[in-house]
2 protein chains.
Amino acid sequence: MSINTYNCGSVKRLSELFKLLSEPNRLKILCSLGLECRPVSDIIEDTGLSQTNVSFHLRALRESELVHPERKGAFIYYCLPDPELLRLLKDFSDWMENHGSSNETITGKKKAAQ
Amino acid sequence: MSINTYNCGSVKRLSELFKLLSEPNRLKILCSLGLECRPVSDIIEDTGLSQTNVSFHLRALRESELVHPERKGAFIYYCLPDPELLRLLKDFSDWMENHGSSNETITGKKKAAQ
DNA sequence: TACTCATATGTGTTATCGCTCATATGTGGT
DNA sequence: ACCACATATGAGCGATAACACATATGAGTA
């Protein structure tokens, strides 16, 4: 057992978290946010997504508290309440690179190495 | 920039990885695998999923090289080629706990464990 | 008050996903 | 060769997700 059984109790919640991160545009939004709080308009410009779409994804992120809104006048600034999340994303990203097996890529994009 | 811009180049691939992990049953399968190589029959018993369903998910995991099959007689053993993945999962799981915000739980369903 | 800008929300459409059923493939034993 | 068992695969169905459109809310300003 030990690490084998792993934390399978929280699989449900864990999968919900991953589901949130499994949407490229939502990831983009999180990345665009980075460590700063930014108004939606910035995110829109940054990601190139439609206003509706950004708002749509922000809702999902907000409801699971991955981001958190702050009014400032007419603008609403979104922040990552826990920037540690970025580190986790980076860990995964790095792992993917080294995983070497390489082409995760369903998209057919192949990369040289690390 | 720095961590802000993050690795937004590989957002696509990262999201694909997360999509794989966003399915509770796929997560269960990975957990059930743990560090050992195990035949499909074990996974089926362990997870309580149907044979077809397990096979279905194994295909997805296999095709992205998150697991890797090894024939042994009539049986096919599946392994995690890179157990580091389990650590990443654990990191996320831990983060979720501490994230405190608590109820990720979009479904509103609160669960102790099982 | 009315008008503008920033953002959110409800509805409907389309695509994708997870699952199951039935069946196929592959392996070992007789 | 046949049979039993382990696993994989393809087709089809129902649920859900992402998106756009139109519209609503809410803040600021005049």
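Keep in mind that what you see is a predicted model, and the values were worked out from it rather than measured. We name chains A, B, ... by the order of the sequence lines, and we start the count at 1 in each one.
Taking 4.0 angstrom as the limit, B/Arg26 places a side-chain polar atom (N or O) nearer than this to OP1 or OP2 of C/dG18. Checking the phosphate oxygens (OP1, OP2) of D/dT7, a side-chain nitrogen or oxygen of B/Ser41 falls inside 4.0 Å. In terms of phosphate contacts, A/Asn53 brings no side-chain nitrogen or oxygen within less than 4.0 Å of OP1 or OP2 of D/dC21. Contact annotation: A/Arg71 does not reach the phosphate of C/dT7 (side-chain N/O to OP1 or OP2, under 4.0 Å). Between A/Arg38 and C/dT7 there is no side-chain polar atom (N or O) within less than 4.0 angstrom of OP1 or OP2. The phosphate of C/dA8 has OP1 or OP2 within less than 4.0 Å of a side-chain N or O from A/Tyr78. Put simply, A/His57 has no side-chain N or O that comes within less than 4.0 Å of OP1 or OP2 on D/dA17. For the pair B/Arg59 and C/dC19, the criterion of a side-chain N or O lying under 4.0 Å from OP1 or OP2 is not met. Neither OP1 nor OP2 of C/dT20 sits under 4.0 Å from any side-chain N or O of B/Thr52.
Distance B/Leu58 CG to D/dA8 P: 6 Å, rounded to the nearest Å. In this entry the distance linking CG of B/Leu61 with C1' of C/dC17 reads 14 Å, nearest Å. Remark: C1' of C/dT11 and CZ of A/Phe56 are 13 Å apart, rounded to the nearest angstrom. As rounded to whole Å, 14 Å separates atom P of D/dA8 from atom CG of B/Leu49. Between the CD1 atom of B/Ile76 and the C1' atom of C/dA24 there is a distance of 14 Å, given to the nearest Å.
The backbone N or O of B/Leu49 lies less than 3.5 Å from a partner atom in the side chain of B/Thr47, making a donor-acceptor pair.
Put simply, the side chain of A/Glu23 and the base of D/dA18 share no donor and acceptor less than 3.5 Å apart. If you check distances only, the side chain of B/Gln51 does reach the base of D/dA8 with a donor-acceptor pair under 3.5 Å.
Using cut-offs of 30° and 60° on the angle between ring planes, the pair A/Phe92 and A/Phe18 is perpendicular.
Here B/Asp91 does not pair with A/Arg87 in a salt bridge; the nearest charged N to carboxylate O distance is not below 4.0 Å.
With 3.5 Å as the limit, one finds a donor-acceptor pair spanning the side chains of A/Tyr78 and A/Arg62.
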